[in-house]
Novice: 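Please see the structure below; I have some questions.
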There are 2 protein chains.
Amino acid sequence: MARPPAAEQPDGVDTRTRIQRVALELFTEQGYEATSLREIAERLGVTKAALYYHFRSKEEIVQSLFTDQLAKLDELIAWGEGQPRTLETRREFVHRYADLLQSGRPLELMRFFERNQTSMQEKHQAGATIRERIGRLQGLLSTTDDPPAERLRRSLAIMAVHTAWFVLREPDISDEARRAAAVEVALSLVE
Amino acid sequence: MARPPAAEQPDGVDTRTRIQRVALELFTEQGYEATSLREIAERLGVTKAALYYHFRSKEEIVQSLFTDQLAKLDELIAWGEGQPRTLETRREFVHRYADLLQSGRPLELMRFFERNQTSMQEKHQAGATIRERIGRLQGLLSTTDDPPAERLRRSLAIMAVHTAWFVLREPDISDEARRAAAVEVALSLVE
DNA sequence: GTCTATATGCCGATAGAC
DNA sequence: GTCTATCGGCATATAGAC
């Protein structure tokens with residue numbers, strides 16, 4: 001998992017991590033397919049070959065982004081799958097999910113994934129993994145027995161929590177206010 | 001706009017239209033960047049050069065998909081911008097928007113757009129146009145003066161109408177039932 | 001760990017025959 | 001309207017020196 005033994009740059013971040021950061025940014029802005037390894041390398045001031053020392057392929061860069069962050073999501077899913085399917089569980093889930101998105105950087109990953117859905121297909125291993133987890137999340141809130149409107153509402157509850165960060169940008173809204181709005185709307189959708 | 005004078009294939013659809021259909025399908029499934037003109041041509045049993053007789057570039061194929069369908073959306077926006085910003089207008093908007101998505105094929109275009117967000121950037125002319133229209137749609141339902149939770153709720157109302165078609169698939173749900181669920185949830189979000 | 005140099009292949013796009 | 005043939009370019013990926 002972790003790899004402590006690594007040479008560090010002046011800014012205290014090793015090259016592997018710098019590659020991941022730049023790749024995530026460019027993949028999200030321009031798209032996975034539209035971003036070349038040459039572009040990533042140039043941004044970092046190294047050559048393509050240096051990238052291949054740290055990652056065996058372009059796809060492996062993406063995989064590394066997710067595997068480094070997937071653990072917390074799996075914790076939440078494990079918790080949810082051990083709870084009774086009650087209103088109280090759904091409420092608690094909304095809060096925990098909002099927490100999850102606010103801590104660490106899973107939100108940047110979500111955005112990357114959302115904007116690169118076509119690249120993250122079944123062929124892409126990271127894509128398959130994330131899709132499976134999203135299915136499990138939805139499964140925590142509703143079952144196929146529920147009436148359609150209710151299933152739709154509960155899917156939207158999850159979307160509300162991410163979407164809040166993209167819809168509520170301007171003007172001068174604090175992270176706390178955005179989170180409060182997300183939770184309020186999501187809660188109303190799981191009632 | 002229309003181009004009646006065109007040779008037709010045995011199945012009654014001219015080549016230009018067949019190119020558009022296959023392109024939309026492949027762009028949506030695999031992604032715009034990941035789909036080559038060679039692939040589209042092979043699927044149709046022609047060569048790349050034939051594609052270039054009908055469209056000047058890959059991007060022009062995408063543009064043609066939207067320009068052929070944008071008129072109805074513009075009608076809805078024009079109607080909405082001429083109405084008072086009342087609850088009754090929002091309700092009527094939800095119904096009209098659901099109508100719009102059910103008639104014709106704008107839904108397939110929405111799916112294509114949603115799954116190829118990174119390719120449909122500002123540089124891409126079709127992308128800029130659609131983004132502008134989506135902004136106008138959101139503007140019909142809410143203003144920046146509204147409190148955050150309300151703005152989020154109204155953005156979700158629009159999403160509910162599309163999302164219904166992707167979330168509510170199995171098992172044996174009719175178009176009418178799906179539409180009813182979408183409208184019900186969207187209405188509750190614009191109250 | 002990073003470099004130079006290169007292999008190999010597909011891409012979008014065009015020219016010109018039929 | 002569709003074809004064959006081709007251009008120039010950039011892609012991912014690798015070999016091997018330092």
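Lettering of chains follows the sequences in order, A, B, ..., and the numbering in each one begins at 1. For clarity, every value in this text was computed on a predicted model and none was experimentally measured.
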Novice: 5'-most contact on DNA chain D: Ala50(B) or Ala34(A), nearest heavy atom basis?
Specialist: Ala50(B)
Novice: Please tell me if Thr15(A) has a side-chain N or O lying less than 4.0 Å from either OP1 or OP2 of dG1(C).
Specialist: no
Novice: Find the distance Lys48(A):NZ to dC10(D):P and express it as a whole number of Å.
Specialist: 11 Å
Novice: Which nucleotide in the list dT2(D), dT2(C), dA11(D) gets nearest to the side chain of Arg38(A)?
Specialist: dA11(D)
Novice: Is the shortest side-chain N to carboxylate O distance from Arg90(B) to Glu191(B) below 4.0 Å?
Specialist: no
Novice: To the nearest Å, how far apart are Glu33(B) CD and dG12(C) C1'?
Specialist: 12 Å
Novice: Ignoring backbone atoms, establish whether Thr47(B) has a side-chain N or O less than 4.0 Å from OP1 or OP2 of dT2(D).
Specialist: no
Novice: If the threshold is 4.0 Å, N to carboxylate O, is there a salt bridge linking Asp99(B) and Arg96(B)?
Specialist: no
Novice: Rounding to an integer number of Å, can you tell me how far Arg16(B) CZ sits from dT2(D) P?
Specialist: 13 Å
Novice: To the nearest angstrom, how far is Ile19(A) atom CD1 from dG1(C) atom P?
Specialist: 11 Å
Novice: Could you tell me whether Glu25(B) and Arg21(B) make a salt bridge, using a distance below 4.0 angstrom between a side-chain N and a carboxylate O?
Specialist: no
Novice: Run the salt-bridge test on Glu114(A) and Arg111(A) with the 4.0 Å N-O cut-off and return the result as yes or no.
Specialist: no
Novice: His124(A) NE2 to dT12(D) C1': how many Å, rounded?
Specialist: 13 Å
Novice: Mind checking Ser36(B) for me? I need base, sugar-phosphate or nothing, with any heavy atom below 4.0 Å counting as a touch.
Specialist: sugar-phosphate
Novice: Please tell me which of Gly45(A) and Lys58(B) maps to the more 5' nucleotide of DNA chain C, matching each residue to the nucleotide holding its nearest heavy atom.
Specialist: Gly45(A)
Novice: Within this structure, what is the CZ-to-P distance between Arg56(B) and dG12(C), rounded to whole angstrom?
Specialist: 18 Å
Novice: Respond yes when some side-chain nitrogen or oxygen of Tyr52(B) is under 4.0 Å from OP1 or OP2 of dA13(C), and no when none is.
Specialist: yes
Novice: Assign each of Val46(B) and Ser57(A) to its nearest nucleotide of DNA chain D by heavy atoms, then name whichever residue's nucleotide is nearer the 5' end.
Specialist: Val46(B)
Novice: Return the value, rounded to whole Å, for the distance between atom OH of Tyr53(B) and atom C1' of dT14(C).
Specialist: 16 Å
Novice: Of the nucleotides dC3(D), dA13(D), dG1(C), which has the atom closest to the Ala49(B) side chain?
Specialist: dC3(D)
Novice: Given atom CG of Leu44(B) and atom P of dT2(D), what is their separation to the nearest angstrom?
Specialist: 10 Å
Novice: What distance separates Lys48(B) NZ from Lys58(B) NZ, expressed to the nearest 0.5 Å?
Specialist: 11.0 Å
